[in-house]
Engineer: 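Dropping the structure in here first, questions after.
Every value quoted in this text rests on a predicted model; they were computed, and no experiment measured them. In what follows, chains carry the letters A, B, and so on, assigned in the order in which the sequence lines appear, proteins first and then strands, with residues in each chain numbered from 1.
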Amino acid sequence: MSDFDCYDNTLAYQSACKAHPHPPSRLNLDWRYITSTHQLEAEIDPYRTRKVLGIDTETTGLDPHQDQVRLVQIATAGMPTLVIDLWKVDEIHALKTLLTSPALKVGHTLKFDWQMLATSGIPLHGPFFDAYLAHKALNAGLKVKSSLAAIVQECLGVELDKSAQRSRFAGHLSDEQLQYAAWDAAYSLALRQPLAQRLQQASAQFTARFLHIANLESACIPATALMELNGMALDPDRFEQAVTTFQHQKQAALTQFHQALGLETQTQISLLPSEPKVFGLNPGSSQQVLKALAEQGLTLKATDQRTIIRVVDRHPALPHLLEWRHQAKVLDTLNSLPRHRHPLTQRLHPQVRQVSARSGRFSCRNPALQTVPHDSAIRRCFVVRPGHRLIKADYSQIELRIAAKITQDPLLVKAYRTGQDVHRMTAALLLDMAQTQVTREQRRLGKAINFGLIYGMSAARLQLEAQLQYGLILSHKDALALHKRYFQRFTGVAQWHRQGKRQLYRHDGLRHAKTLLGRVRQWADKPDFAEWINAPVQGTCADMIKRALVALVPHLNADVHLLIVVHDEIVLEVRQDLAPDIAQTLTQVMIAAAQPLIAPIPIEVDTQIGHSWAGD
DNA sequence: TCAGAGTGCGCC
DNA sequence: AAACGGCGCACGCTGA
């Protein structure tokens with residue numbers, strides 16, 4: 001596993017921690033304001049040989065596409081912090097050399113600095129140590145504040161005044177502004193050792209790899225930064241067409257819903273903005289729906305899909321209700337997109353967060369591109385630049401493969417190792433038939449069972465999910481029988497659950513879960529079983545895709561854009577002639593990143609090249 | 001009028 | 001002890 005540790009600075013940190021048990025003693029709050037090329041070149045020399053640099057920037061705003069970097073601060077142990085004014089220094093070659101040197105760059109939320117510098121034509125190269133990411137990795141699952149001030153308070157016991165941070169960094173800069181700018185870099189730098197020490201201690205306590213994970217997250221910074229900078233393009237014509245289509249479908253469903261309830265749909269347009277958007281009974285209001293159904297003899301507790309689907313035959317309006325809900329949901333998603341179009345780039349630039357999800361997954365918002373409906377009428381609105389292709393590659397059945405590795409279930413392990421179709425195998429096993437005789441529908445049942453029961457789904461829920469997601473009608477009795485047989489056959493999964501419950505429910509129960517890479521999620525209280533059993537699987541998938549991104553970064557350039565990551569899928573936009581080669585590289589990188597974690601279970605990656613996100 | 005908890009659902 | 005997990009978002013509704 002030598003390639004495993006390409007971004008890992010564990011050994012360096014260990015020696016650093018031993019050498020400097022009291023980091024604040026090395027903190028130098030002195031600073032120099034650099035306002036000319038001459039001054040820069042005169043002062044920067046000693047910083048070139050340093051192995052660790054604290055980095056921070058001050059900018060005229062928060063948008064890398066239109067705001068500017070004003071100050072770049074460089075801190076290093078025992079030296080004054082350089083505060084370089086980019087508006088006054090016209091030749092910054094020396095600074096660029098420093099920022100692309102192999103020195104460790106320490107900062108807090110370096111993604112932002114990376115982006116601001118990148119759009120100013122100043123590349124910032126790793127390795128990185130990001131105090132924010134490290135603090136979140138240290139406390140994954142717990143509710144903690146990870147602002148610079150909060151971490152400085154926690155690790156160094158210093159109250160950091162952040163009042164100058166929100167001040168304007170345009171025009172004349174006061175001494176106070178310059179001082180706080182310098183201090184941010186100096187304090188970020190000073191956080192590395194105490195944080196590394198805490199990460200090491202936690203690793204020992206949990207038999208995990210906190211520092212490794214913190215370094216992995218830090219190494220992902222360029223990938224995350226580029227996803228946000230690149231964004232995705234929405235074709236205006238296709239988009240308008242899609243909206244119109246879904247509006248009609250939604251309206252049709254509404255009419256049928258009302259008719260089935262014996263109501264008339266009122267479609268007059270109101271001029272008053274305060275008027276409700278839907279006239280008459282609103283299928284979007286659970287209260288109104290419950291009341292209307294009750295009046296017609298059907299009393300329910302809720303109106304969500306899972307409740308409705310159980311009784312869908314009991315009233316003719318119910319299928320139309322589900323249809324309207326679907327169309328309305330899709331339309332909501334669509335309507336939310338244009339307001340996120342960037343005024344300059346005309347693209348959607350989501351906010352991508354590496355460490356906000358308790359599982360270790362990426363999350364994405366404004367807009368939530370990870371939840372764009374799969375409907376090809378919508379996905380084909382997401383297009384590539386002229387002369388480019390979209391490449392999407394996803395890990396095949398990755399969670400089930402990870403579960404096979406974790407549970408060591410003999411059947412699952414053997415099935416994957418011999419390249420069998422696992423859903424088909426499950427169906428054949430539970431229905432007592434040969435795999436060759438399994439029908440498409442029966443395979444779908446196998447899929448529903450595999451994905452559900454692995455995390456402890458009940459028979460009742462299985463019955464529901466089979467119908468909702470796979471369109472399979474299952475009697476309660478059959479669901480119960482399948483549930484029982486599943487755990488009789490998949491003994492490894494059954495044992496995994498039994499042991500898990502023992503560890504969780506004993507007097508001094510576990511309050512953390514660990515991935516195969518050593519990422520830890522903690523709970524402040526007793527974890528729910530289902531959350532706890534799922535965390536290592538989902539988290540390991542996050543480990544894999546983040547390892548893949550780190551390996552992918554060197555391949556990203558002006559012709560190879562990273563667009564988005566959707567949990568087990570990586571999407572690139574690549575110059576047309578390069579697409580086949582890059583697709584192959586991407587596939588290999590993803591396999592290599594994941595394989596060591598679940599060997600000898602094989603990894604499979606499905607890769608497609610197309611013109612839009614629909615894959616066409 | 002508006003914040004906020006609740007409901008429901010898209011993706012993996 | 002609980003009954004698949006992880007997200008973000010839009011909406012209807014409520015109470016101040």
Engineer: Would you classify R521(A) as touching base, sugar-phosphate or nothing, given that sugar-phosphate means primed atoms plus P, OP1 and OP2, and contacts are heavy atoms under 4.0 Å?
Structural biologist: sugar-phosphate
Engineer: Which part of the nucleic acid, if any, lies within reach of C541(A) when heavy atoms closer than 4.0 Å are counted: base, sugar-phosphate only, or nothing?
Structural biologist: nothing
Engineer: Contact class for F529(A) (heavy atom, under 4.0 Å): base, sugar-phosphate, or nothing?
Structural biologist: nothing
Engineer: With a 4.0 Å cut-off on heavy atoms, is F451(A) in touch with a base, just the backbone sugar-phosphate, or nothing at all?
Structural biologist: base
Engineer: Need one value for V372(A): base, sugar-phosphate or nothing, where a base atom within 4.0 Å counts as base even if backbone is also close, heavy atoms only.
Structural biologist: sugar-phosphate
Engineer: When you measure from the side chain of R365(A), which nucleotide among dG5(C), dC4(C), dC9(C) comes out closest?
Structural biologist: dC9(C)
Engineer: Base, sugar-phosphate, or nothing: which does N366(A) touch, judged by heavy atoms less than 4.0 Å apart?
Structural biologist: sugar-phosphate
Engineer: Between protein and nucleic acid, restricted to nucleotides 13-16 of chain C and to nitrogen or oxygen atoms under 3.5 Å apart, what atom pairs and distances do you find?
Structural biologist:
{"residue": "dC13(C)", "atom": "OP1", "partner": "S285(A)", "partner atom": "OG", "Å": "2.4"}
{"residue": "dC13(C)", "atom": "OP1", "partner": "Q288(A)", "partner atom": "NE2", "Å": "3.4"}
{"residue": "dC13(C)", "atom": "O3'", "partner": "Q287(A)", "partner atom": "NE2", "Å": "3.0"}
{"residue": "dT14(C)", "atom": "OP1", "partner": "Q287(A)", "partner atom": "NE2", "Å": "3.3"}

Engineer: Assess whether one donor atom and one acceptor atom, taken from the side chain of Q538(A) and the base of dG5(C), lie less than 3.5 Å apart.
Structural biologist: yes
Engineer: What contact category does R361(A) fall into here, base, sugar-phosphate, or nothing, at under 4.0 angstrom with non-hydrogen atoms?
Structural biologist: base
Engineer: At under 4.0 Å between heavy atoms, what does R502(A) touch on the DNA or RNA strands: base, sugar-phosphate, or nothing?
Structural biologist: nothing
Engineer: How would you label the contact of R306(A) with the nucleic acid (heavy atoms, under 4.0 Å): base, sugar-phosphate, or nothing?
Structural biologist: nothing
Engineer: Between R339(A) and W532(A), which residue's closest nucleotide on DNA chain C lies nearer the 5′ terminus?
Structural biologist: W532(A)
Engineer: Can you pull out every ring pair (Phe, Tyr, Trp, His ring centres under 6.0 Å) where at least one residue sits in residues 391-412 of chain A? Sequence neighbours excluded, please.
Structural biologist: none
Engineer: How would you label the contact of S458(A) with the nucleic acid (heavy atoms, under 4.0 Å): base, sugar-phosphate, or nothing?
Structural biologist: sugar-phosphate
Engineer: Between E531(A) and R521(A), does a salt bridge (charged side-chain N to carboxylate O under 4.0 Å, His left out) hold up when you go through it step by step?
Structural biologist: CA-CA 10 Å; E531(A) 282 180 4; R521(A) 170 180 171 183; 3.7 Å; yes
Engineer: So what does A542(A) hit on the nucleic acid, given a heavy-atom distance under 4.0 Å: a base, only sugar-phosphate, or nothing?
Structural biologist: nothing
